[in-house]
Amino acid sequence: MSTITRSIPNAQDIHLLYETVRIAAQAKRKGNHPFGALLADKDGNILLEQENSYEEGGSAMHAETLLLFKAGKLYDPAFLSTCTLYTNAEPCVMCTGAMYWTNVRRLVFGITEAKLLELTGADEQNPTFDLPSHEVLAHGQKDIEVVGPTDDKDLEQAIIADHLSFWVH
């Protein structure tokens, strides 16, 4: 079984999480769901950015999964094991699986899947799972660090604001 290490975001993580908020706001302006993800190397350099793309392909076009599909084509698994996936909201089961299979070994997210469910309510465009990423990853065979949710209240409010003004309750 996996060893899952859990912690809260550090200063570099907070900075990069704010970048996911920027990406999510960009997606929202285009009419897509307000989710944003990025991949950073071990030094915090942004390698890839991806917004949600619901309008381009339906509910499976999550930012994290799209980003990880691209990363898997561009980088080898050994390099990806040193990278971090950043996302404004905790990845769903599908996105967590994509992270696992591409060999990214560190995840940083802003708000939990449970908090996201509070924000999206019964909106049929986002039938949220109630299954935290650390629980999904614990059933694998890789050691992975899960960082989040944020304890930065301004960051949390920025993430929440995009969702409150988007979803129909």
Side-chain angles (χ1 to χ4, degrees), residues 8-41 44-72 74 80 83-100 102 104 106-134 136 145-169:
I8 60 170
N10 61 36
Q12 177 175 283
D13 294 333
I14 296 295
H15 170 74
L16 290 169
L17 282 170
Y18 271 108
E19 290 298 311
T20 69
V21 173
R22 175 188 55 77
I23 298 164
Q26 177 180 297
K28 184 177 154 186
R29 284 191 300 276
K30 293 178 181 177
N32 287 311
H33 296 176
F35 296 101
L38 66 84
L39 184 72
D41 67 15
N45 299 306
I46 297 172
L47 303 172
L48 296 170
E49 296 183 1
Q50 182 67 52
E51 61 187 56
N52 220 53
S53 191
Y54 182 85
E55 297 301 321
E56 294 179 26
S59 59
M61 299 295 110
H62 294 191
E64 301 91 339
T65 294
L66 292 170
L67 179 135
L68 290 161
F69 284 169
K70 289 177 185 175
L74 293 171
L80 287 171
C83 293
T84 300
L85 171 65
Y86 288 87
T87 180
N88 62 326
E90 183 174 17
C92 72
V93 175
M94 175 181 70
C95 295
T96 301
M99 183 186 127
Y100 179 87
T102 55
V104 173
R106 187 167 187 264
L107 165 65
V108 179
F109 63 88
I111 63 170
T112 64
E113 183 84 0
K115 183 65 173 179
L116 179 62
L117 180 58
E118 288 176 28
L119 299 171
T120 62
D123 193 305
E124 64 185 37
Q125 290 187 48
N126 197 53
T128 304
F129 273 98
D130 185 14
L131 185 57
S133 56
H134 70 273
V136 174
E145 182 180 5
V146 177
V147 181
T150 183
D151 61 352
D152 181 299
K153 294 303 177 194
D154 291 335
L155 174 58
E156 180 182 40
Q157 289 307 309
I159 295 167
I160 289 170
D162 273 339
H163 287 282
L164 283 177
S165 62
F166 186 85
W167 303 103
V168 177
H169 296 281

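Every value quoted in this text rests on a predicted model; they were computed, and no experiment measured them.
- The two residues Ala161 and Lys28 make their nearest non-hydrogen contact at O-NZ, 4.3 Å.
- In this model, a donor atom of one side chain and an acceptor atom of the other lie less than 3.5 Å apart for Ser133 and Glu90.
- For the pair His163 and Leu116, the minimum side-chain heavy-atom distance is below 4.5 Å.
- Under a 3.5 Å cut-off, the side chain of Asn52 and the backbone N or O of Ala63 do form a donor-acceptor pair.
- A distance of 6.0 Å or more separates the ring centres of His62 and Phe69.
- Judged by distance alone, the side chain of Thr20 and the main-chain N or O of Leu17 form a donor-acceptor pair under 3.5 Å.
- Side-chain atoms of Leu164 and Phe166, non-hydrogen and from C-beta on, never get closer than 4.5 Å to each other.
- Residues Pro132 and Thr112 have side chains not in contact (no heavy-atom distance under 4.5 Å, counting atoms from C-beta outward).
- Taking CD1 of Ile14 as the start and CD of Glu19 as the end, the distance is 13.0 Å to the nearest 0.5 Å.
- Atom-to-atom distance recorded for Asp41:CG and Ile46:CD1 is 10.0 Å, nearest 0.5 angstrom.
- Side-chain contact between Arg106 and Tyr86 is present, with heavy atoms from C-beta onward closer than 4.5 Å.
- Rounding to the nearest 0.5 Å places CD1 of Ile23 at 13.5 Å from CZ of Phe35.
- For Asn88 (side chain) and Ile159 (main-chain N/O), no donor-acceptor pair under 3.5 Å exists by modelled atom type.
- With sequence neighbours excluded, the residues satisfying side-chain hydrogen bond (donor to acceptor under 3.5 Å, both in side chains) with Thr87 are Glu64.
- Considering Leu74, Leu38, Leu66 as possible partners of Leu48, the one that fulfils the side chain to side chain contact (heavy atoms under 4.5 Å, CB included) test is Leu74.
- Judged as a side-chain hydrogen bond (donor to acceptor under 3.5 Å, both in side chains), and not counting sequence neighbours, Gln12 has no contacts.
- Side-chain atoms of Ser53 and Lys30 include no donor-acceptor pair closer than 3.5 Å.
- Side-chain atoms of Pro9 and Phe109, non-hydrogen and from C-beta on, never get closer than 4.5 Å to each other.
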> Going through the checks in order, is the salt bridge (charged side-chain N to carboxylate O under 4.0 Å, His left out) test met by Arg29 and Asp162?
Replying inline: CA-CA 10 Å; Arg29 284 191 300 276; Asp162 273 339; over 6 Å; no
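- One finds the CD1 atom of Ile8 at 10.0 Å from the CG atom of Asp13 (value rounded to the nearest 0.5 Å).
- Residue Pro91 comes nearest to Cys95 through the heavy atom pair CB-CB, 3.7 Å, listed as atom of the first residue, atom of the second, then distance.
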>> Would Glu49 and Arg22 count as a salt bridge (charged side-chain N to carboxylate O under 4.0 Å, His left out) here? Give the steps.
In response: CA-CA 10 Å; Glu49 296 183 1; Arg22 175 188 55 77; 2.7 Å; yes
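- When atom types are taken as modelled, the side chain of Asp152 and the backbone of Gly110 share no donor-acceptor pair closer than 3.5 angstrom.
- The distance from the OG1 atom of Thr150 to the OH atom of Tyr18 is 7.5 Å, given to the nearest 0.5 Å.
- Residues Leu119 and Ile160 form a side-chain contact, since some pair of their non-hydrogen atoms from C-beta on lies under 4.5 Å apart.
- Counting heavy atoms from C-beta outward, Leu67 and Lys70 have side chains that stay 4.5 Å or more apart.
- Atom CE in Met99 sits 10.5 Å away from atom CG in Leu39 (nearest 0.5 Å).
- For the residue pair Thr65 and Ala98, the shortest heavy atom distance occurs at OG1-CB, 4.1 Å.
- Looking at heavy atoms from C-beta onward, Leu68 lies in side-chain contact with Leu85 at the 4.5 angstrom threshold.
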